[in-house]
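Here the structure comes first, spelled out in structure tokens, and everything after it is commentary.
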Amino acid sequence: RKSIRIMEILRGQVFECIRTVIMDGSGDVAYEKGCLYMSEEDDCITDSSGDIFHSWNVSYFSKYFKKVN
């Protein structure tokens, strides 16, 4: 069984979304392309609605975000 590696994200880091992200079947945009997002908890990025607990696996992270600081 292949293990999933979670991206190491530290509280206070800022990321630019480079591709719009919809997290569930609702169709609501969680992260909008061109916007900046901050990590308020280690290993997570806070989304547009204030949900702070979205963690990212390493293989998907670079498809959607680039680190600003």
Side-chain angles (χ1 to χ4, degrees):
R1 189 177 236 199
K2 188 177 178 180
S3 66
I4 297 173
R5 290 186 25 231
I6 299 299
M7 181 69 189
E8 182 180 53
I9 299 168
L10 301 176
R11 183 178 184 178
Q13 288 180 319
V14 177
F15 302 90
E16 180 182 354
C17 181
I18 57 175
R19 187 173 173 188
T20 296
V21 179
I22 298 171
M23 293 299 283
D24 57 33
S26 70
D28 293 336
V29 173
Y31 301 93
E32 188 171 342
K33 180 181 178 179
C35 291
L36 299 179
Y37 296 92
M38 180 184 284
S39 171
E40 294 182 49
E41 295 286 333
D42 286 349
D43 298 325
C44 301
I45 301 174
T46 303
D47 71 11
S48 298
S49 67
D51 185 356
I52 64 173
F53 298 110
H54 291 164
S55 59
W56 291 85
N57 84 36
V58 173
S59 64
Y60 284 110
F61 181 83
S62 63
K63 293 179 184 180
Y64 296 99
F65 297 98
K66 68 178 180 180
K67 189 174 171 183
V68 174
N69 67 349

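The shown structure was predicted, so the numbers you read here are calculated from the model rather than taken from an experiment.
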Which distance, rounded to the nearest 0.5 Å, do you find between the CE of M38 and the CG of L36?
9.5 Å
With salt bridge (Lys or Arg N to Asp or Glu O under 4.0 Å) as the rule and sequence neighbours excluded, what pairs involving residues 43-57 come up?
none
Which donor-acceptor pairs under 3.5 Å do the side chains of residues 13-20 make with protein atoms, sequence neighbours left out?
{"from": "Q13", "atom 1": "OE1", "to": "L10", "atom 2": "N", "distance (Å)": "2.7"}
{"from": "T20", "atom 1": "OG1", "to": "K33", "atom 2": "N", "distance (Å)": "3.1"}

Is there a path of hydrophobic side-chain contacts, each under 4.5 Å between heavy atoms of I/L/V/M/F/W/Y residues, joining Y31 to Y64?
yes
Heavy-atom closest pair (T46 atom, Y37 atom, distance to 0.1 Å) is O-CD2, 3.3 Å
List the atom of C44, the atom of I52, and the distance in Å for their closest heavy-atom pair.
CB-O, 2.9 Å
Side-chain donor-acceptor pairs under 3.5 Å in residues 56-63, sequence neighbours left out?
{"from": "N57", "atom 1": "OD1", "to": "S59", "atom 2": "N", "distance (Å)": "2.9"}
{"from": "N57", "atom 1": "OD1", "to": "S59", "atom 2": "OG", "distance (Å)": "2.7"}
{"from": "N57", "atom 1": "OD1", "to": "Y60", "atom 2": "N", "distance (Å)": "3.1"}

If you round to the nearest 0.5 Å, how far is CD1 of I9 from NZ of K67?
10.0 Å
Pairwise distance CE(M7) to OG(S39) - rounded to 0.5 angstrom
11.0 Å
Rounded distance (nearest 0.5 Å) linking atom OG of S55 with atom CD1 of I45:
9.5 Å
